[in-house]
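All values below come from the heavy atoms of this structure, side chains included, with hydrogens, waters and symmetry mates left out.
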Amino acid sequence: MPLSWNEIKSRALIFSQEWQQETSENAEAKSFWDSFFNVFGIFRRRVATFEKPVKKGDNKTGFIDLLWKGVILVEHKSKGKNLDKAFQQAIDYFPGLKEHELPKYILVSDFARFKLYDLDTEETTEFELKNLVNYVHLFGFMAGYEKRTYKDSDPVNIQAAELMGKLHDRLEEVGYTGHNLEVYLVRLLFCLFADDTGIFDKGIFWEYLDLHSKPDGSDLAMHLSSIFQVLNTPKNKRLSNLDENLAQFPYVNGKLFEETLAIAQFDSKMRSMLLQACALDWGKISPAIFGSMFQAVMNPNQRRNFGAHYTSEKNIQKVIKPLFLDDLYVEFEKAKGDRNKLEQLHLKVANLQFLDPACGCGNFLIITYRELRDLEILILLELNKNGQLVTDISSIIKVDVDQFFGIECDEFAVRIAEVAMWLIDHQMNLKVSQQFGQYFVRLPLKKAAQIIHGNALRIDWVDALLTPPNPPLVRGVGRVNFIFGNPPFVGKQMQNLQQKKDMELVFSGVKNAGVLDYVTAWYIKAAQFIQNTNIRCAFVSTNSISQGEQVGILWQELYTKYHVKIHFAHRTFSWSNEAKGNAAVHCVIIGFGLQNIENKRLFDYIDIKGEATERKVTNINSYVTEGNDLVILKRNKPLSNVPNIIFGSMPNDGGNFLFTEAEKDEFLKHEPEAEKFFKKFLSAKEFLNNEKRYCLWLIDIQPHELKKLKNISQRVENVKNLRLESKRESTQKLANFPTLFGENRQPNSDYIIFPLLTSENRKYIPIDLLDKNQIVGNSCSCIPNATLYLFGILTSQMHMTWVKYVCGRLESRFRYSNTIVYNNYPFPENITDKQKEKVENCAQIVLDTRSKYPDSNLAELYDPLTMPPDLVKVHRNLDKSVDLCYRSQPFVNELNRIEYLFNLYESLNTPLLKSEKKQRQK
């Protein structure tokens, strides 16, 4: 167990005083360095070797004065010698050392002077022996007090995960698999971390394995089993004749080493892997990051891109700060100077409980625990700022890991999360030790985070959290205060059979729930759990839950059945990290509860990869914009007084009626009389890319004509047979009309054509005005009796803003829906003839400008990279004319537009709802 800083400083003072008096040339270096190591409570002979022979770069043999493998190299010179030369001599030894033996520090000395080189930071500090007590903090790494910084993509995290992945693979290859393998690796993870951070005396795990196991690895598993058994045995119950090298390991408990596992088997290569892992500085490894990486490398399918499998701390902070942490810090600032308030806040923080119902390796729990411990330290420093002596630091630390709960379906992730919570607890205990000058460690482990292994969508959360050793949890009272996390994003098309069954269970009785993303099930489970409580929740989610048809289905349920109110939200931002090949996901964060709080917080992103700007709002709706709670449901008729929109015609012909231009020409060579029955056919592909395709349009064909045209007759016969062979009764009935498209919706007037799917990258959806003789296919919608004015409105920025928020998505592409998007769109009301004429003129100019580029198709004209400048300009003019139909005040941004449109939608929709209600009552 590491010494306290007070004890270390006391020993440093005695050491410097004793050795200042030793000035003779015969001063013994070994005694000097044995005494120096003792300052930090380290028995030098256990960890460091004197006069280690190595081959230098010139192939000559040299002797390192003192080497602690992987930690520090000491070069000692006679009094008054050049210390810079001594440093260069130390560097010359590096070629003869194995990689895991290379030190992180070099220390050179001549008894009277010290010069310490930090090879990671490239910092150098020089001081005299008499001033050692003032510089002793620089040697905290020797006693387990080294300050750490953690980075999401720190090479140490990655290297450690890769090494453990290789060891995992090799153990699996030799037949050590399943539960045994998972628990075994987690135990090794704990021991590696403990060896570098003061849970064990520094380096004893590495030293024991290195010195006591055979080079061929044949007895390594036996030694590890012995260590595991000792770690699970209280000191007063250990054998009296236990090997002293094993006896030095502490009693850990925590049930981590309780289970008896099958004995593994190692070879020389596996032993080398484990020793390489021991050589890493595990004190630099972040439990929040490493856990997810560790889990990922166990899965060969994930290993190539395992950097993608953790939630970065920055994104976790976006959840926990507005959920609870910001409020706690506001309370702390107000409590400063008031001892009673500080003590009340301390007690409050120590009694908060947190649940992550999709916790994975525990990232959210780990970061939250660290933040609570940091706040606790600040509270304690404030309480003790008058210099009051804290005699027993353990008596005033109240925040503990048993305040945290998780649910996770992957057992390996459960085990990692449990251990990671102990690891972050120990790191915070070291921080407490540094702040208060007393060594603080929680051994044996008496408390643990409760991570439940199970499917969060299939278990009752209350029942799960009632299992021992939890305190009583009563539904309606709620021991849990906050629920948060990052549940899995799985779109409806990517859900496997098990996930679809989960969704059916959670959304039982909810219409059209099959279109929802998997993440939405956690919203329903959380809403059920928090009924009659003050619990607050926040989840990271794919932004699809705040767009399109999903909004109406999910939020209608949350609003009407569970009475949820949104408290804060991060609007769409890019959720990604630096892993190669990791595609960014567009996410939102939504915080909610049952209370209608004041000062709701809305975070917006001008650049979705940038930083958020925050504003206080009175209410946040389900589309994560400011405005009243609303959901936009499917509507069969337009909200405004505009023509209906309909789907295009569906051939249902097995391809018999459809032709490319070459196929049409070939067909007419044999049957030229058929030419009058060919019409241009437009699916979304042909429309956007200006490709030529044709169809046989036989709606007006006479019987004698059909009988005469043998090739057409054959195609009609093929269609009839195809439909008769269908398993669907409705398709079989269509066989009675084999000359017609399966669904004929072709307008009898000119129309506006709308592709159902279009790229989200386009500023405007390409639409057009077409004549009735061009047959529109079912991958498009069309609006009969269309006008230039209607065309102008629908190709404006106002309408596109509505599309972005309200339409559904296929992957990330816009999926334009008649019932959700068009029928609910609030067209301008009470416009003047002058305003209408202005829109029509601008719309015509847009069409005229397009016609200047006959060799470019609509996909090219509306590609953001290739859109002609003059077309951009005329669209902007059209946008302005449409904006003026809504109001005279300019719209400053997209958010401004959508909030206006939602308000207008509400004002138009409310009277209609009242009217419909009255009609139903009648």
Side-chain angles (χ1 to χ4, degrees), residues 643-757 767-786 815-816 818 857-858:
N644 288 330
I645 188 172
I646 59 176
F647 286 116
S649 299
M650 182 175 67
N652 198 347
D653 66 331
N656 284 282
F657 290 156
L658 301 180
F659 297 78
T660 64
E661 187 168 35
E663 289 169 343
K664 181 192 73 131
D665 292 343
E666 182 65 26
F667 187 91
L668 292 176
K669 285 181 183 178
H670 301 284
E671 207 160 76
E673 298 87 351
E675 185 166 11
K676 71 175 184 176
F677 298 108
F678 276 94
K679 289 185 182 281
K680 191 173 182 180
F681 179 80
L682 290 171
S683 70
K685 182 172 179 287
E686 287 81 40
F687 169 66
L688 292 172
N689 298 290
N690 198 23
E691 295 177 1
K692 292 183 179 180
R693 201 174 182 201
Y694 299 86
C695 68
L696 282 171
W697 193 249
L698 305 175
I699 191 168
D700 293 322
I701 195 169
Q702 298 298 312
H704 72 277
E705 291 177 305
L706 180 59
K707 191 167 186 178
K708 181 179 176 183
L709 299 169
K710 302 299 182 184
N711 289 335
I712 289 183
S713 295
Q714 182 59 56
R715 297 215 169 212
V716 170
E717 182 69 23
N718 293 343
V719 170
K720 181 177 182 178
N721 293 335
L722 179 82
R723 292 174 180 176
L724 286 172
E725 292 169 1
S726 173
K727 294 180 180 179
R728 295 179 61 189
E729 185 179 350
S730 58
T731 304
Q732 292 171 7
K733 289 180 180 179
L734 292 176
N736 294 321
F737 311 97
T739 58
L740 303 180
F741 272 31
E743 295 176 10
N744 175 15
R745 305 187 188 93
Q746 181 63 18
N748 294 319
S749 64
D750 294 346
Y751 60 88
I752 292 175
I753 183 171
F754 243 108
L756 293 181
L757 284 175
I767 63 175
D768 206 350
L769 280 162
L770 299 179
D771 69 78
K772 63 182 181 181
N773 291 314
Q774 299 186 68
I775 308 303
V776 56
N778 63 307
S779 60
C780 297
S781 289
C782 61
I783 305 171
N785 303 309
R815 185 176 57 196
Y816 197 90
N818 57 348
N857 58 48
L858 287 173

> First locate atom CG of Asp750, then atom CG of Asn773, and finally report the distance between them rounded to the nearest 0.5 Å.
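Atom-to-atom, Asp750:CG and Asn773:CG are 8.5 Å apart.
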> Give me the atom names and distance for the closest heavy-atom approach of Cys782 to Tyr751.
CB-CD1, 3.6 Å
> Any side-chain heavy atom of Phe677 sitting closer than 4.5 Å to one from Leu709?
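When only atoms from C-beta onward are counted, Leu709 and Phe677 do touch, with a gap below 4.5 Å.
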> Kindly compute the distance separating CD1 (Ile699) from CD (Gln746), expressed to the nearest 0.5 Å.
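Spacing of CD1 (Ile699) from CD (Gln746) equals 9.0 Å.
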> May I have all residue pairs that pass side-chain hydrogen bond (donor to acceptor under 3.5 Å, both in side chains) and include part of residues 680-693, sequence neighbours excluded?
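For residues 680-693, and leaving out neighbouring residues, the side-chain hydrogen bond (donor to acceptor under 3.5 Å, both in side chains) pairs sorted by first residue read Ser683-Glu686, Lys685-Glu691.
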> Of the non-hydrogen atoms in Lys772 and Asn748, which two are nearest, and what is the gap between them?
CD-O, 3.3 Å
> Just do the salt bridge (charged side-chain N to carboxylate O under 4.0 Å, His left out) check on Glu666 and Lys669 with the steps written out, would you?
CA-CA 5 Å; Glu666 182 65 26; Lys669 285 181 183 178; 3.6 Å; yes
> Nearest 0.5 Å, what's the OG-CD1 distance between Ser781 and Ile767?
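Going from the OG atom of Ser781 to the CD1 atom of Ile767 covers 11.5 Å.
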> side-chain contact (heavy atoms from CB on, under 4.5 Å), that's the test. Do Phe741 and Trp697 meet it? Break it down for me.
CA-CA 8 Å; Phe741 272 31; Trp697 193 249; 3.9 Å; yes
> So which heavy atom on Leu724 is nearest to which on Gln732, and how close?
O-CG, 3.9 Å
> Under 4.0 Å between a Lys/Arg side-chain N and an Asp/Glu carboxylate O for Glu705 and Lys676?
yes
> For Leu696 and Asp653, what are the C-alpha separation, side-chain angles and deciding distance, and is it a side-chain contact (heavy atoms from CB on, under 4.5 Å)?
CA-CA 11 Å; Leu696 282 171; Asp653 66 331; over 6 Å; no
> Could you list the donor-acceptor pairs under 3.5 angstrom formed by side chains in residues 657-665, with sequence neighbours left out?
unit_1, atom_1, unit_2, atom_2, d
Thr660, OG1, Glu663, N, 3.2
Thr660, OG1, Glu663, OE1, 3.4
Glu663, OE1, Thr660, N, 2.9

> Find out whether Phe754 and Asn818 are in side-chain contact, i.e. whether some heavy atom of one side chain is under 4.5 Å from a heavy atom of the other.
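The answer is no; the side chains never approach within 4.5 Å.
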> Taking all heavy atoms of Leu698 and all of Thr739, pick out the closest pair and write down the distance.
CB-O, 3.4 Å
> Once rounded to the nearest 0.5 Å, what's the spacing between atom CG of Asn652 and atom CG of Leu740?
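If we round to the nearest 0.5 Å, Asn652:CG and Leu740:CG are 12.0 Å apart.
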> Quick one: side chain to side chain contact (heavy atoms under 4.5 Å, CB included) partners of Ser713, sequence neighbours excluded?
Leu706
> Below 4.5 Å, heavy atoms only, C-beta onward: do Ile712 and Phe667 meet side chain to side chain?
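Yes, at least one pair of side-chain atoms sits under 4.5 Å.
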> What I'd like to find out is whether the side chain of Val719 reaches to under 4.5 Å of the side chain of Pro651, using heavy atoms alone.
no
> Are the side chain of Arg723 and the backbone N or O of Thr731 linked by a donor-acceptor pair below 3.5 Å?
no
> Report yes if the side chains of Cys780 and Leu682 come closer than 4.5 Å at any heavy-atom pair, otherwise no.
no
> Does a side-chain heavy-atom distance below 4.5 Å link Ser649 with Glu743?
no
> Are the aromatic ring centres of Tyr694 and Phe678 under 6.0 angstrom apart?
no
> Kindly compute the distance separating CG (Asn656) from CG (Asn718), expressed to the nearest 0.5 Å.
4.5 Å
> Give me the atom names and distance for the closest heavy-atom approach of Asn644 to Pro784.
O-CD, 3.4 Å
> How many angstroms lie between CD in Glu675 and CD in Glu673, if you round to the nearest 0.5 Å?
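Between Glu675 CD and Glu673 CD, I get 10.5 Å after rounding to 0.5 Å.
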